[in-house]
Amino acid sequence: MIIRTILLTATIAGLALGGCQRKDDEGPTQLSGRLFIFNYRVATASYMITLKKIAPIPEGTTAVAEFENPAGGDPLVVRQKIYTFWDKITLESPDLRCVRKDRAYSVSIKLVDASDKTIQTIKTEVKSDLDQTVLPTKPLVVGPVYTANPDVFKGDGSIDYGHDAACPA
């Protein structure tokens with residue numbers, strides 16, 4: 001009876017671990033990171049998604065990422081060529097406005113081959129632990145040597161970080 005129980009437990013554990021194996025139809029990458037990047041110096045926010053290569057990627061593959069637009073409207077679309085020798089793929093959105101803390105924003109990524117056939121589709125969500133209101137609306141610095149922005153740091157000593165009132169609630 002004990003041997004039967006041990007065998008049954010081992011069989012169930014083996015089946016459960018077998019379910020964790022990568023399936024051939026999943027594609028050549030897996031999601032390895034997703035976050036928002038806030039750059040206070042230049043007053044920008046963007047999505048950053050990283051994929052890890054786990055299988056060969058065909059020559060001529062392109063990643064097409066659709067990022068939900070926090071300000072509303074159409075998704076922000078980025079097309080990026082993928083090189084076969086890359087082990088890590090980084091996809092970054094254009095600059096964003098209106099990112100809200102603890103709200104889930106959807107991201108959809110398609111890898112397409114040279115003939116525009118979909119190789120893999122990844123859908124995920126990204127949440128920020130910060131609200132974009134922590135950023136100024138104007139860059140704090142300008143130019144290649146990080147000169148203080150005169151639109152923010154006024155000649156009379158006052159500071160105007162601005163406020164983006166056009167964001168949806």
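At least one cation-pi condition fails for Arg34 and Tyr47: the charged atom is not both under 6.0 angstrom from the six-membered ring centre and inside a 45 degree cone around its axis.
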Enumerate, atom names and distances included, each donor-acceptor pair closer than 3.5 Å involving a side-chain atom of residues 147-154, sequence neighbours excluded.
from   : atom 1 : to     : atom 2 : distance (Å)
Asn149 : OD1    : Asp151 : N      : 2.9
Asn149 : ND2    : Pro139 : O      : 2.7
Lys154 : NZ     : Asp151 : O      : 3.1

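Thr121 OG1 to Leu111 CG: the interatomic distance, rounded to the nearest 0.5 Å, is 8.0 Å. Here CZ of Phe36 is found 10.5 Å from CG of Leu130. Values are rounded to the nearest 0.5 Å. Interatomic distance, CD of Gln132 versus SG of Cys98, reported as 6.5 Å (0.5 Å rounding). The OG atom of Ser106 lies 10.5 Å from the CZ atom of Phe67; values are rounded to the nearest 0.5 Å.
Applying the side chain to side chain contact (heavy atoms under 4.5 Å, CB included) rule to Pro75 yields the partners Glu66; only residues at least two apart in sequence or on another chain are considered. The salt bridge (Lys or Arg N to Asp or Glu O under 4.0 Å) check on Asp131 picks up Arg100, with sequence neighbours excluded. Residues that satisfy the side chain to side chain contact (heavy atoms under 4.5 Å, CB included) test with Thr84, not counting sequence neighbours, are Glu59. A search for salt bridge (Lys or Arg N to Asp or Glu O under 4.0 Å) contacts involving Lys138 returns Asp160, not counting sequence neighbours.
You'll find the side chain of Phe38 reaches within 4.5 Å of the side chain of Val99, heavy atoms only.
Gln120 and Thr29 share a side-chain donor-acceptor pair at under 3.5 Å. A donor atom on one side chain and an acceptor atom on the other are not found under 3.5 Å apart for Ser46 and Ser93.
Under the 4.5 Å side-chain heavy-atom criterion for ILVMFWY residues, no single connected hydrophobic cluster contains both Leu91 and Met48.
In this structure, Val145 stands alone, with no Ile, Leu, Val, Met, Phe, Trp or Tyr side-chain heavy atom under 4.5 Å from its own, directly or through other members.
Looking only at distances, no side-chain donor or acceptor of Thr124 sits under 3.5 Å from a matching main-chain atom of Ser108.
The local environment of NZ in Lys110 is sparse, with at most 12 non-hydrogen atoms from other residues, nucleotides or ligands closer than 6.0 Å.
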